[in-house]
Number of protein chains: 2
Amino acid sequence: MAKGSLREKKERQEQIVDCLRSEAYWTSQKLCNHLNTSYRTLMRDLAELKEAGVPIESERGRGGGISLVGRWGIRNLHLNNSEVISLLVSLAITESIKSPILVDNVRSIKNRISSAFPIEQQQVISKIRKRILVGNIASENVIRSYSPPRQSVLSDLTDSFFNLNKIEIRYLSSKNEITDRLIEPQMLALEFPVWYFLCWDELRQDARLFRIDRILSTKKTNMTFKIRRSDAFMEGAHELFNNI
Amino acid sequence: MAKGSLREKKERQEQIVDCLRSEAYWTSQKLCNHLNTSYRTLMRDLAELKEAGVPIESERGRGGGISLVGRWGIRNLHLNNSEVISLLVSLAITESIKSPILVDNVRSIKNRISSAFPIEQQQVISKIRKRILVGNIASENVIRSYSPPRQSVLSDLTDSFFNLNKIEIRYLSSKNEITDRLIEPQMLALEFPVWYFLCWDELRQDARLFRIDRILSTKKTNMTFKIRRSDAFMEGAHELFNNI
DNA sequence: TAATATGTGCCACTAATTGGCATATTTGTG
DNA sequence: CACAAATATGCCAATTAGTGGCACATATTA
């Protein structure tokens with residue numbers, strides 16, 4: 001390549017974004033100087049960055065210049081499956097709270113995060129989102145009777161939920177009766193701060209609701225299950241819950 | 001460059017990551033084939049990607065291969081100032097709920113998101129984080145008496161909070177007395193779902209707590225203020241609140 | 001109208017990228 | 001233990017993608 005180019009293209013483009021982030025307004029001259037690069041190359045870089053989706057805005061004419069719209073950027077954030085879900089659930093919770101300080105932003109962030117993933121992953125994420133519901137704060141009664149569930153029970157259940165594995169549970173009903181069940185954890189619902197599993201009960205061949213802290217113990221199985229139509233699990237609860 | 005190279009480096013490296021995300025295991029041969037590139041170039045790309053922080057793992061020897069650790073990736077997510085804060089607040093809220101399904105992930109995501117920003121921004125973010133507190137769910141009394149604040153009041157207050165501008169407010173005290181005050185919104189605290197502003201009250205020259213839905217109206221000013229030591233605003237509340 | 005910005009097409013120069021080859025190095029298997 | 005299958009690396013010649021300079025277009029403001 002031509003004279004004076006020491007760093008490589010990629011690095012230089014990152015520098016440009018960093019510059020634009022650190023100060024609100026730049027002119028191309030100032031940037032050329034700062035980066036020690038030619039005007040022509042700068043303009044090419046800017047064009048490439050814009051094409052790549054970096055929200056760079058430029059104003060022509062006297063008093064014009066170059067600026068970055070979202071001046072805060074996340075680069076290269078690698079998350080695993082359950083971290084993505086946590087992130088989305090977290091935003092959904094915040095949204096459901098209708099906390100005025102945040103609510104405007106939260107929805108758009110949720111969508112932006114979702115669409116920041118590659119398309120194939122978006123479909124997977126979207127499927128999981130449909131299986132998680134967030135409602136209102138639980139009633140005082142429920143909150144008072146709520147106790148945090150055991151960690152092992154919890155991880156078994158979430159595994160089972162994500163991997164679509166049937167699971168055996170020992171459950172303490174609200175009438176204080178202990179029963180053993182084989183269930184398909186179809187959906188998850190949150191009524192602050194209590195989680196419920198909306199399940200298909202194999203033995204009773206019907207939909208059942210299980211409060212997570214009332215599940216006493218679990219036993220994994222290798223049997224898999226398929227997602228059922230959500231209608232059965234929602235029965236008039238549509239107004240109470242929202243998908244994440 | 002040498003034969004058969006149609007796309008550019010950057011694009012090819014993105015393709016590599018996409019491949020690794022779409023399937024759990026690849027061998028270099030398979031990747032070379034798929035990308036129509038030479039082995040040598042592939043290895044160089046992999047090295048570069050690793051250096052750039054992409055969590056690629058490779059196992060040598062028979063049965064070895066190349067894989068991506070976090071197979072879900074966000075690329076190029078551009079957020080503005082308040083969106084970043086919303087995201088972090090949202091995660092903090094989730095964390096404070098101690099919702100067992102998420103709590104393990106949430107803390108690590110929070111940190112990963114924070115550190116995914118350029119260093120200069122990390123400092124700014126960290127300063128704001130110190131000014132936002134999250135406590136427990138408000139008491140039933142408070143929840144019952146809570147009404148969502150007016151949007152205009154809200155946006156004035158958040159502007160004032162982020163830009164460090166003093167602001168005049170008309171406040172309805174818990175004794176139902178209406179007073180006018182000039183305040184510095186130093187900190188924000190959440191007791192689910194109620195937000196409080198921890199402020200320096202100019203006229204009374206003391207720290208005061210304002211419940212957001214009791215602020216009747218606001219009037220912006222151009223006066224700026226400085227962050228004060230948080231001690232005055234916390235007074236024994238340290239155990240009740242956590243920074244986001 | 002002049003001054004000051006960004007945006008673009010063209011072209012020659014060249015250094016950064018590429019691919020091939022040889023060679024380590026690691027690991028599992030018969 | 002020897003062999004096979006994988007990743008990892010150094011070197012070098014070929015070449016192309018990237019660069020910079022120049023001229024010109026276009027937009028905006030004073």
Side-chain angles (χ1 to χ4, degrees), chain A residues 1-69 71, chain B residues 1-69 71:
Chain A
M1 306 175 181
K3 341 172 187 169
S5 96
L6 287 165
R7 26 176 168 43
E8 52 182 41
K9 190 176 153 188
K10 186 178 161 188
E11 200 180 330
R12 190 186 54 239
Q13 294 190 348
E14 281 178 8
Q15 275 186 36
I16 291 176
V17 175
D18 283 348
C19 285
L20 293 177
R21 271 207 262 262
S22 69
E23 279 181 49
Y25 288 102
W26 290 81
T27 63
S28 56
Q29 284 243 336
K30 242 171 66 181
L31 269 174
C32 289
N33 256 350
H34 195 264
L35 299 168
N36 196 30
T37 194
S38 75
Y39 177 77
R40 196 66 193 79
T41 304
L42 175 69
M43 292 318 273
R44 263 192 291 248
D45 280 339
L46 288 174
E48 274 182 42
L49 287 169
K50 282 177 193 173
E51 185 142 16
V54 183
I56 292 172
E57 282 187 357
S58 19
E59 282 171 29
R60 292 176 156 200
R62 197 176 234 188
I66 298 157
S67 62
L68 194 62
V69 176
R71 286 180 53 201
Chain B
M1 305 174 181
K3 339 172 188 171
S5 95
L6 288 167
R7 25 178 168 43
E8 53 182 42
K9 192 177 154 190
K10 187 179 162 189
E11 199 180 333
R12 190 185 55 239
Q13 294 189 349
E14 282 178 8
Q15 274 186 36
I16 292 176
V17 175
D18 282 348
C19 284
L20 293 177
R21 270 207 262 262
S22 69
E23 276 179 54
Y25 287 103
W26 290 80
T27 63
S28 56
Q29 286 244 335
K30 241 170 64 180
L31 267 175
C32 290
N33 257 350
H34 196 264
L35 299 169
N36 195 32
T37 195
S38 74
Y39 178 77
R40 196 64 193 80
T41 303
L42 175 69
M43 293 317 272
R44 265 192 289 247
D45 280 340
L46 288 173
E48 275 182 41
L49 287 169
K50 281 178 194 172
E51 184 141 14
V54 183
I56 292 172
E57 282 187 356
S58 17
E59 283 172 30
R60 293 177 154 200
R62 195 177 240 189
I66 298 156
S67 61
L68 194 62
V69 176
R71 285 179 56 203

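Labels below follow one simple rule: chain letters A, B, ... track the order of the sequence lines, proteins then strands, and each chain is numbered from 1.
- Between C/dA5 and A/Ser58, no contact under 4.0 Å exists linking OP1 or OP2 to a side-chain N or O.
- When the P atom of D/dA8 is taken as reference, atom CD of B/Glu48 falls 14 Å away, rounded to whole Å.
- A straight line from CE of B/Met43 to P of C/dT25 spans 15 Å, rounded to a whole angstrom.
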| said: Strictly under 4.0 angstrom, non-hydrogen atoms only: write out the protein contact profile of nucleotides 22-30 of chain D, one letter per nucleotide from the 5' end, B, S or -. | reply: B---BBBBS
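- In this structure, A/Ile66 CD1 and A/Ile16 CD1 are separated by 8.5 Å, a value rounded to the nearest 0.5 Å.
- The base of C/dG7 does not come close enough to the side chain of A/Arg44 for any donor and acceptor atom to sit less than 3.5 Å apart.
- To the nearest angstrom, C1' of C/dA16 lies 13 Å from CD of A/Glu11.
- The interatomic distance linking B/Glu57 (CD) with D/dA6 (C1') rounds to 16 Å, in whole Å.
- In this structure, CD1 of B/Ile56 is placed 10 Å from P of D/dA8, rounded to the nearest angstrom.
- Between A/Thr27 and A/Gly64 the shortest heavy-atom distance is CG2-O, 4.2 Å.
- Contact annotation: A/Ser28 side-chain N/O to C/dA5 OP1/OP2 distance is not under 4.0 Å.
- Between A/Thr41 and D/dG20, a side-chain N or O to OP1/OP2 separation shorter than 4.0 Å is present.
- When rounded to the nearest whole Å, the span between CG of B/Leu46 and P of D/dA6 equals 16 Å.
- Atom CD1 in B/Ile16 sits about 13 Å away from atom P in D/dT7, given to the nearest Å.
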| request: Run the numbers on B/Glu48 and A/Lys10 for salt bridge (Lys or Arg N to Asp or Glu O under 4.0 Å), then give the verdict. | output: CA-CA 11 Å; B/Glu48 275 182 41; A/Lys10 186 178 161 188; 5.1 Å; no
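- Across all strands, A/Lys30 comes closer than 4.0 Å to no nucleic acid atom at all (heavy-atom distances).
- Considering OG of B/Ser28 and CG of B/Leu42, their distance stands at 6.5 Å, rounded to 0.5 Å.
- Rounding to the nearest 0.5 Å gives a distance of 10.5 Å between NZ of B/Lys30 and CG of B/Asn33.
- B/Lys50 comes within 4.0 angstrom of the backbone, heavy atoms only, and of no base.
- Tested against A/Leu49, the residues A/Ile56, A/Leu68, A/Leu20 include a single side chain to side chain contact (heavy atoms under 4.5 Å, CB included) partner, A/Ile56.
- Backbone-only contact: A/Ile66 has heavy atoms under 4.0 Å from sugar-phosphate atoms and none from a base.
- A heavy-atom distance below 4.5 Å is not found between the side chains of A/Val54 and A/Gln13.
- In this structure, the CG atom of A/Asp45 is 6 Å from the P atom of D/dT19, given to the nearest Å.
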